[in-house]
2 protein chains.
Amino acid sequence: MNIGTASAHTGVSAKMIRYYEEIGLVPKPLRRDSGYRDYGEADVHRLRFIHRARELGFSIERIRDLLRLWNDRRRPSREVKKVAQEHIADLEAQIARMHGLLATLKHLANSCEGNSRPHCPILEGLSRG
Amino acid sequence: MNIGTASAHTGVSAKMIRYYEEIGLVPKPLRRDSGYRDYGEADVHRLRFIHRARELGFSIERIRDLLRLWNDRRRPSREVKKVAQEHIADLEAQIARMHGLLATLKHLANSCEGNSRPHCPILEGLSRG
DNA sequence: CTTGACCTTCCCATGATGGGAAGGTTTATA
DNA sequence: TATAAACCTTCCCATCATGGGAAGGTCAAG
C-alpha cells in the first residue's frame with residue numbers, strides 16, 4: 001500500500017513516516033516503478049507499535065530500543081521493563097517539578113487581587129524573588 | 001558592565017542574553033567603542049525578572065506579556081493574574097495528561113516479570129494496544 | 001609585550017512535528 | 001481520451017529555547 005494508506009492505517013502522518021525512515025527508525029520500504037513507497041503488513045505493524053509508544057510519551061531513542069527488543073525473540077523481559085521504568089521515572093520527576101512550580105505560582109496568583117488596580121504580588125515576586 | 005558580568009549577576013547565560021536581544025524581548029544595550037555590550041542596572045533588573053519567570057516555566061511569549069505589564073504602571077492586576085492563571089492551567093493539564101500515561105505504563109510494567117524470559121506484556125501492549 | 005580571558009558575529013545543532021514549493025504519478029469521471 | 005483532483009516525490013524551511021563552536025577582535029594582568 002501507498003504511504004497515505006499506511007498513514008491512515010497506523011495514525012502516523014506521512015511526513016513522520018518519511019522522517020522515521022530518514023532517521024533509520026524504520027527500514028526503507030519497497031518502491032514501485034513510479035518511485036512511490038510500497039508498505040506491507042509488517043511495515044504497518046511496526047508503525048502502529050511506534051505510534052502507540054509515542055502516545056505513551058516514549059522518545060524516539062527509547063522507541064528505537066523497544067523496537068530492537070521487540071525484534072529480538074530472546075530478549076530478557078527485564079530489559080524491556082527497564083526501558084519502561086526509566087520512562088516512568090522521567091515522567092514522575094517532571095510531574096514533581098511541575099508541582100513545585102504550581103505551588104509557587106498559585107501562591108503568587110492567590111495573593112493577587114486580580115482587579116483594576118495596578119498593585120500585583122506576581123510582578124513583585126518576579127522582580128524580586 | 002559587560003555581558004559576562006550581566007550574565008553572572010542574573011543567571012541568564014550570555015548566549016541567551018544575546019538571543020533575548022535578537023528576538024526583541026530586551027532592548028539593545030549601549031555599546032562601548034570596542035563593540036562590547038554595556039549593561040546598566042535596569043538591564044540587569046529586567047534580565048533577573050526574565051530569569052525568574054523562565055524558572056517558573058513561563059514561555060518567552062508569556063514573559064513578553066508580563067514584561068509589558070510590568071512596565072505599565074497602570075496595568076490592571078487582573079491582566080497579570082490572567083497570564084499566571086493560564087500558565088497554571090497549562091501546567092495542570094500537562095500533569096493530568098502525564099498521570100494518564102503513568103497509569104498505563106505502570107500497569108504494563110507491573111504486568112512484566114522483568115526476568116530473563118522473553119515474554120513481556122509491555123511489548124504486547126505496544127504491538128496490539 | 002604576551003597571553004589568556006572575554007567579547008563579537010555567524011552558522012549549525014537539538015527533538016519531534018510539521019508547512020509548503022516544485023514537479024511527477026495515479027485515478028476516477030466526463 | 002482528456003482532465004482534474006488527489007496523491008506522491010524530494011527539498012527547504014520553521015517551530016521553541018538553549019546551546020556549541022569557529023573565526024577573529026579586544027581587554028587586562030603579569
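Quick caveat: nothing in here was measured; it's all calculated off a predicted structure. Throughout, a chain's letter reflects where its sequence line sits, starting with A, and its residues are numbered from 1.
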Problem set entry | Range on DNA chain C touched by chain A, heavy atoms, distance below 4.0 Å | dA16(C) to dT26(C)

Problem set entry | Within residues 16-40 of chain B, residues whose heavy atoms come under 4.0 Å of DNA chain D | Met16(B), Tyr19(B), Tyr20(B), Ser34(B), Tyr36(B)

Problem set entry | Residue pair Ile3(A), Tyr36(A): steps toward the side-chain contact (heavy atoms from CB on, under 4.5 Å) verdict | CA-CA 8 Å; Ile3(A) 194 169; Tyr36(A) 285 21; over 6 Å; no

Exercise. With a cut-off of 6.0 Å (strictly less than), are more than 12 heavy atoms of other residues, nucleotides or ligands near CD of Glu55(A)?
Worked result: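 Yes, because the 6.0 Å sphere around CD of Glu55(A) holds more than 12 heavy atoms from other groups.
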
Exercise. Within a radius of less than 6.0 Å around CZ of Arg31(A), do more than 12 heavy atoms belonging to other residues, nucleotides or ligands occur?
Worked result: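 Yes.
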
For this session: Calculate the interatomic distance between Met1(A) atom CE and dC7(D) atom P; express it in whole Å.
Result: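 In whole Å, dC7(D) P and Met1(A) CE are 16 Å from each other.
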
Problem set entry | Pairing residues for Arg78(B) by the side-chain hydrogen bond (donor to acceptor under 3.5 Å, both in side chains) criterion, not counting sequence neighbours |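 side-chain hydrogen bond (donor to acceptor under 3.5 Å, both in side chains) check on Arg78(B) returns Ser116(A).
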
For this session: Fit a plane to each ring of Phe49(A) and Trp70(A), take the angle between them on a 0 to 90° scale, and name the class: parallel (under 30°), tilted (30 to 60°) or perpendicular (over 60°).
Result: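 Parallel: the ring planes of Phe49(A) and Trp70(A) meet at under 30°.
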
Exercise. Distance only, no hydrogens: is a donor on one side chain within 3.5 Å (strictly under) of an acceptor on the other, for Glu124(A) and His119(A)?
Worked result: yes

Problem set entry | Lys15(B) vs Asn2(B), nearer the 5' end of DNA chain D by closest nucleotide |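 Of the two residues, Lys15(B) wins.
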
For this session: Output the distance between atom OG (Ser111(A)) and atom NZ (Lys81(B)), rounded to the nearest 0.5 Å.
Result: 8.5 Å

For this session: Ignoring hydrogens and angles, tell me if any N or O in the side chain of Asp72(A) forms a donor-acceptor pair with the backbone of Arg74(A) under 3.5 Å.
Result: yes

Problem set entry | Counterpart residues, ring pair (Phe, Tyr, Trp, His ring centres under 6.0 Å), relative to Tyr39(A) (two or more places apart) |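 Once residues adjacent in sequence are excluded, Tyr39(A) has no partner under the ring pair (Phe, Tyr, Trp, His ring centres under 6.0 Å) criterion.
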
Enumerate, atom names and distances included, each donor-acceptor pair closer than 3.5 Å involving a side-chain atom of residues 90-102 of chain B, sequence neighbours excluded.
from: Asp90(B); atom 1: OD2; to: Arg62(B); atom 2: NH1; distance (Å): 2.9
from: Asp90(B); atom 1: OD2; to: Arg62(B); atom 2: NH2; distance (Å): 3.0
from: Glu92(B); atom 1: OE2; to: Lys106(A); atom 2: NZ; distance (Å): 2.6

Exercise. Looking at DNA chain C, which of residues 88-105 of chain A put a heavy atom within less than 4.0 Å of it?
Worked result: none

